[in-house]
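No hydrogens, no waters, no symmetry mates; every other heavy atom, side chains included, goes into these values. Within every chain, numbering begins at 1; the chains are lettered A, B, ... in the order of the sequence lines, protein sequences first and strands thereafter.
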Amino acid sequence: MEDRRVRVRFAPSPTGPLHIGGVRTALYNYLLAKKHGGDFILRIEDTDQTRFVPGAEEYIIEALKWLGITPNEGVGFGDGQYAPYRQSERKPMYRQYVEQLISSGHAYYAFDTAEELESMRERLKASNVDAKYDAITRAAMKNSLTLPEDEVKRRLESGEPYVVRIKLPRKDEVKFHDEIRGWVSFNTSQMDDKVLFKSDGMPTYHLANVVDDYLMQISHVIRGEEWLPSAPLHVLLYRYLGWEEVMPKFAHLPLLLKPEGNGKLSKRDGDRLGFPVFPLEWKDPASGEISSGYRETGYLPDAVVNLLAFLGWNPGTQQEMFSMAELIAAFGLDRVSKSGAKFDLNKAKWFNQQYIRKTDEVLLASALNKTLQKKAIDAGNEYVLAVCRLVKEKITFISELWTYSQYFFIEPDSYDEVVVAKRWNEKSAPVTQQLMDAFAGLPAFDAASIEAAYNDALAKNEVANKDFLQLFRVMLSGVGSGPPVFEMAALFGRENTTKRLQNALAKLAS
RNA sequence: GGCCCGUUCGUCUAUCGGUUAGGACAUCAGGUUUUCAUCCUGGAAAGAGGGGUUCGAUUCCCCUACGGGCUACCA
């Protein structure tokens, strides 16, 4: 049993965009599979036809691809021998297991209407009893345990709607070992006879999940903590189906919490948190509402993977920067923490910044080129590359590439007012004029020569560096900060630099 | 309400009975960078509370408090 092949699955339901908590679950599954040379499966759990959202499945696939968390089997990633991987397409497979449970006495038909269930719950609530369909209350309901056999048969044959419920023992301790939490135990007296098979002919999550995990030979179920309360139900299903020997190991991950206030991070949190909740931008097909994504915000996929990995797991060393390969090597369920983690935007930014610095300029240039193309700016590849080299250290997001470098492509038409107000004085114009003259006579227009000419002009006019340097920057770029000034000017070139200074002089001297 | 899970700096976390309780982000103070959003140095910052067990508890047990999850013919 211990040396069973590691097969894990990520099993989202296509009810909307995947949120980062889900992405992290997928990541941990992926890491465990890769670490053990096992399989990572994407299974789509679309048993609730009423909650289907068009585009959600495609979104999930695209998000996993973008992040490099790629399943080697499953919807969108090629069928393995366990196809299909969409539960709606597996519909015919579940019935036999339901029937098995019924004939072994572990499940039963229930014919109660929604109204009858409702009134039962109200009645129980009124008498201060836990309102659940359980070993006691089922005796007063309409099901194959209470109805005469021939009536059950009649109802079934006449096509009357029914569900199948699991029959739980009245009082039974259900214990199981969680890879993260250790031994966890529940008592069936606190559980209810969950519906396994819905009146629309589809299994519920619980049944489909267990059946599919069994059929797909899943070795580890790694999922969010919100599933912990239903884990005993699943354990019981394995037992009743006779599969306890091959029951997967369970690992319930701590939840990702909202950074402010309380509660778990949810899809509905959308954008109001100040950071993306989704890997990719998502447009709600019904409302048209757009939620931002990490990709569009300018995060690098490797950075997102790295920062997500650290929300709930750590390697036990001081190392924080981890490539996917390093994560695979270092990962283990034994170092996953038990308590929920709040997302920290600052740390996320820091991670991304680190990754941007590590990114090759060629890659940054191709990203910047896309923006330039949209704006119909043709700057030449060498120039774009040089710009990227200069701004690389200054930006946090890919999307800032353009914001922080646009003055390399467009001459400024306004100048940082704070800097101008603080530094512009009667000497500014003459110094600038002298700079332009000096630049004209420079044999080579490189950073060192520019700096020398600059120092010379300042000395002659008895102007302090600190009083002019930032002004010089603003005249060239319009903004008060950026890459080293002289390198910037060198990149602009002699002609452009002079032109910019003239423009600035015209505007500021008046 | 019931059941279950959890609780170390503001945040993510290390510590697997004996530590000046470590790191990272953020923050604050200095310093480089002749400007700046980079970089360097330093500071402040934590074991929820109460009982046990033990020579010794952040670490093990119990209680309380607090936080979270679940409590659908949703997953």
If pairing means Watson-Crick or G-U wobble with both distances under 3.5 Å, then the partner of B:A48 is B:U64
Euclidean distance for C1', B:U53 against B:G1 (whole angstrom): 35 Å
Between protein and nucleotides 69-74 of chain B, map the contacts as a letter string: B base, S sugar-phosphate only, - none, heavy atoms under 4.0 Å, written 5' to 3'. SS--BB
Rounded to whole Å, please give me the gap between CG in A:Leu256 and P in B:U11. 15 Å
Say we look at B:A26 and B:C12: how far apart would their P atoms be, to the nearest angstrom? 15 Å
How long is the line joining CD of A:Glu320 and P of B:A26, in whole Å? 11 Å
Hey, does A:Gly316 reach any base, or is it just sugar-phosphate, or nothing, if we go heavy atoms under 4.0 Å? nothing
B:A48 and B:C9, which share atom name P, separated by this distance in whole Å: 7 Å
Measuring only the P atom in each nucleotide, how far is B:G50 from B:U58? A whole number of Å is fine. 11 Å
With a 4.0 Å cut-off on heavy atoms, is A:Thr396 in touch with a base, just the backbone sugar-phosphate, or nothing at all? nothing
By nearest nucleotide on RNA chain B, pick out whichever of A:Asn314 and A:Pro12 is the more 5' one. A:Asn314
Take A:Val184 and A:Asn128, find for each the nucleotide of RNA chain B with the closest heavy atom, and name the residue whose nucleotide sits nearer the 5' end. A:Asn128
With both distances kept under 3.5 Å, what pairs with B:U20, Watson-Crick or G-U wobble? none
Would A:Tyr59 and A:Trp282 count as a close aromatic pair, with their ring centres under 6.0 Å? yes
Rounded to whole Å, NZ of A:Lys466 lies from C1' of B:U33 at a distance of 16 Å
Regarding A:Gly224, tell me which of base, sugar-phosphate or nothing describes its non-hydrogen contacts under 4.0 Å with the strands shown. nothing
Within 45° of the axis and under 6.0 Å from the centre of the six-membered ring of A:Phe111, does NZ or CZ of A:Arg155 qualify? yes
Taking atom types as modelled and ignoring hydrogens, do the side chains of A:Tyr94 and A:Asp212 form a donor-acceptor contact shorter than 3.5 angstrom? yes
Using whole Å, report how far CG of A:Leu257 lies from C1' of B:U7. 12 Å
When all nucleic acid strands are considered with a 4.0 Å heavy-atom cut-off, which category describes A:Asn455: base, sugar-phosphate, or nothing? base
Applying a 4.0 Å non-hydrogen cut-off, can you work out what A:Phe52 is touching in the nucleic acid: base, sugar-phosphate, or nothing? nothing
Rounding to an integer number of Å, can you tell me how far A:Phe351 CZ sits from B:U13 C1'? 11 Å
Classify A:Arg223 by what it touches in the nucleic acid, base, sugar-phosphate, or nothing, heavy-atom distance under 4.0 Å. nothing
Checking base pairs now: Watson-Crick or wobble, both atom distances under 3.5 Å. What partners B:G1? B:U71
For a quick check under 3.5 Å, do A:Asn143 and A:Tyr133 share a side-chain donor-acceptor pair by atom type? yes
To the nearest angstrom, the CZ-P distance between A:Phe468 and B:C36 comes to 16 Å
Pairwise distance CG(A:Leu228) to CG(A:Asp178) - rounded to 0.5 angstrom: 6.0 Å
Have a look at A:Phe343 and say if it touches a base, only the backbone sugar-phosphate, or nothing, with a 4.0 Å heavy-atom cut-off. nothing
Between B:U32 and B:C39 - C1' atom distance, rounded Å: 8 Å
Thinking salt bridges, do A:Asp213 and A:Arg43 make one under a 4.0 Å N-O criterion? yes
With a non-hydrogen cut-off below 4.0 angstrom, is A:Ser185 in contact with a base, only sugar-phosphate, or nothing? sugar-phosphate
Measure the distance from CD on A:Gln49 to C1' on B:A75 and round it to the nearest whole Å. 14 Å
Distance check needed: B:G23 P versus A:Trp313 CH2, whole Å only. 20 Å
Say you pick atom C1' in B:U8 and the same atom in B:G23; how far apart are they, in whole Å? 13 Å
Select base, sugar-phosphate, or nothing to describe what A:Lys394 touches, counting heavy atoms under 4.0 Å on all strands. base
With the side chain defined as heavy atoms from C-beta on, A:Leu469 is closest, among B:C5, B:U7, B:U35, to B:U35
For a quick check of understanding: with a heavy-atom distance under 4.0 Å over all strands, which category does A:Tyr133 fall into, base, sugar-phosphate or nothing? nothing
Both distances under 3.5 Å, Watson-Crick or G-U wobble: report the partner of B:G42, or none. B:C28
Using the ring-ring contact (aromatic ring centres under 6.0 Å, His included) rule, pick out the option among A:Tyr299, A:Phe397, A:Tyr355 that qualifies with A:Tyr294. A:Tyr299
Determine: side-chain N/O of A:Arg24 to OP1/OP2 of B:C12, distance under 4.0 Å, yes or no. no
Determine the interatomic distance between P on B:A45 and the same-named atom on B:U59; round to the nearest Å. 22 Å
Salt bridge (charged side-chain N to carboxylate O under 4.0 Å, His left out) involving A:Lys394 - partner list, sequence neighbours excluded: none
Compute both the distance and the angle, then confirm whether A:Arg95 meets the cation-pi test with A:Phe197: under 6.0 Å from the six-membered ring centre, within 45 degrees of the axis. no
Looking only at the aromatic ring of each residue, does the gap between the centers of A:Phe331 and A:Tyr28 stay below 6.0 angstrom? yes
Mind checking A:Pro484 for me? I need base, sugar-phosphate or nothing, with any heavy atom below 4.0 Å counting as a touch. base
